[in-house]
Amino acid sequence: MAGLAESGSNPDVDLLYDINGLAKDAPHWFDRVMEFVGEYGLLLAMVLLVLWCWWSVRRRGAEDAASSVAALVWAPLAAAVAVLVNVPIRGFVERPRPFLDHQGLDVLVAGKTDYSFVSDHATITMALGVGLFVANRKFGLVGIGLALLEGFCRVYMGVHYPTDVVGGFALGTAVALLLSPVAMALLTPLMKAVEGSRRLGWVVRARGAGRGQKSVVSGARSERSVDSEERGLAA
């Protein structure tokens with residue numbers, strides 16, 4: 001795999017130079033913004049997106065709140081598992097960072113001495129995005145969009161090849177989806193138990209969430225029962 005980076009005619013390398021070349025033409029302040037966004041900003045945005053989705057789910061208080069929260073709990077767990085899986089992959093492939101084998105790259109982040117394949121940032125963000133999609137499609141699509149932006153930033157910054165990013169996307173997606181049935185089978189009963197707890201029930205359902213709808217339904221049933229009784233007496 002390391003040999004893929006040796007040829008300058010490799011499409012992977014050509015795309016690396018094309019995307020990283022944008023950094024050379026961009027203003028210095030824009031490169032600093034991309035450096036922060038690609039290194040920390042998008043990871044923070046993904047965490048906030050997961051919290052926002054959790055807040056929305058618990059406030060809505062639907063019947064499937066426990067399963068939705070279980071899926072949200074699985075999202076960061078999937079990212080952690082994917083990063084652990086990446087450890088032996090990096091050690092096996094041993095692909096150097098692109099700036100070590102190719103001259104003329106504009107490297108925005110210094111001090112990267114570990115291997116390049118696959119990208120941890122791409123793996124984490126895509127695992128979170130796909131995990132969010134399992135819980136809520138709208139939030140999940142936003143999360144996947146942020147993950148794609150993260151992958152672009154890593155190549156723009158000159159610290160990863162495009163195939164490093166694609167590999168991270170594939171790894172994060174595979175872990176989040178393939179292990180999701182097992183994770184949901186374990187986490188959903190746990191979240192249902194938490195929902196029934198007096199002290200921790202707020203984690204799954206906000207206080208009073210969904211009660212108004214239940215009271216209306218029960219009231220409608222009582223009115224129907226009264227009408228039926230009146231009709232019976234009239235008969």
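This chain uses plain numbering: 1 for the first residue, then up along the sequence. From a predicted model like this one, the values you see are computed outputs, not experimental measurements.
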To the nearest 0.5 Å, what is the distance between [atom1] on [X] and [atom2] on [Y]?
X    : Y   : atom1 : atom2 : value
D106 : D25 : CG    : CG    : 9.5 Å
T163 : N10 : OG1   : CG    : 7.5 Å
Y17  : I19 : OH    : CD1   : 13.5 Å

Side chains of T123 and N86, donor plus acceptor under 3.5 Å: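 Result is no, nothing qualifies.
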What pairs meet the salt bridge (charged side-chain N to carboxylate O under 4.0 Å, His left out) rule with one or both residues in residues 167-187, with sequence neighbours excluded?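 Qualifying pairs, neighbours excluded: none.
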Salt bridge (charged side-chain N to carboxylate O under 4.0 Å, His left out): which pairs involve residues 113-124, sequence neighbours left out?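 Sorted result for residues 113-124: R90-D114, R90-D120, R97-D114.
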With ILVMFWY side chains joined below 4.5 Å, transitively, what does F36's cluster contain besides itself?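 F36 clusters with Y40.
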Taking transitive links into account, so neighbours of neighbours count too, which hydrophobic residues share a cluster with Y115 at under 4.5 Å side-chain distance?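 Besides Y115, the cluster holds no residue at all.
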Please list all pairs meeting side-chain hydrogen bond (donor to acceptor under 3.5 Å, both in side chains) that have one or both residues in residues 178-194, counting only residues at least two apart or in different chains.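 side-chain hydrogen bond (donor to acceptor under 3.5 Å, both in side chains) check on residues 178-194 returns no pairs.
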Pairing residues for E39 by the salt bridge (charged side-chain N to carboxylate O under 4.0 Å, His left out) criterion, not counting sequence neighbours: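 For E39, the residues satisfying salt bridge (charged side-chain N to carboxylate O under 4.0 Å, His left out) (neighbours in sequence not counted) are K112, R154.
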Pairwise side-chain contact, F117 with Y161, heavy-atom cut-off 4.5 Å (strictly under):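 No, side chains not in contact.
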Crowded around K138 NZ? As in, over 12 foreign heavy atoms under 6.0 Å?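 Counting neighbours around NZ of K138, 12 or fewer heavy atoms of other residues, nucleotides or ligands fall under 6.0 Å, so no.
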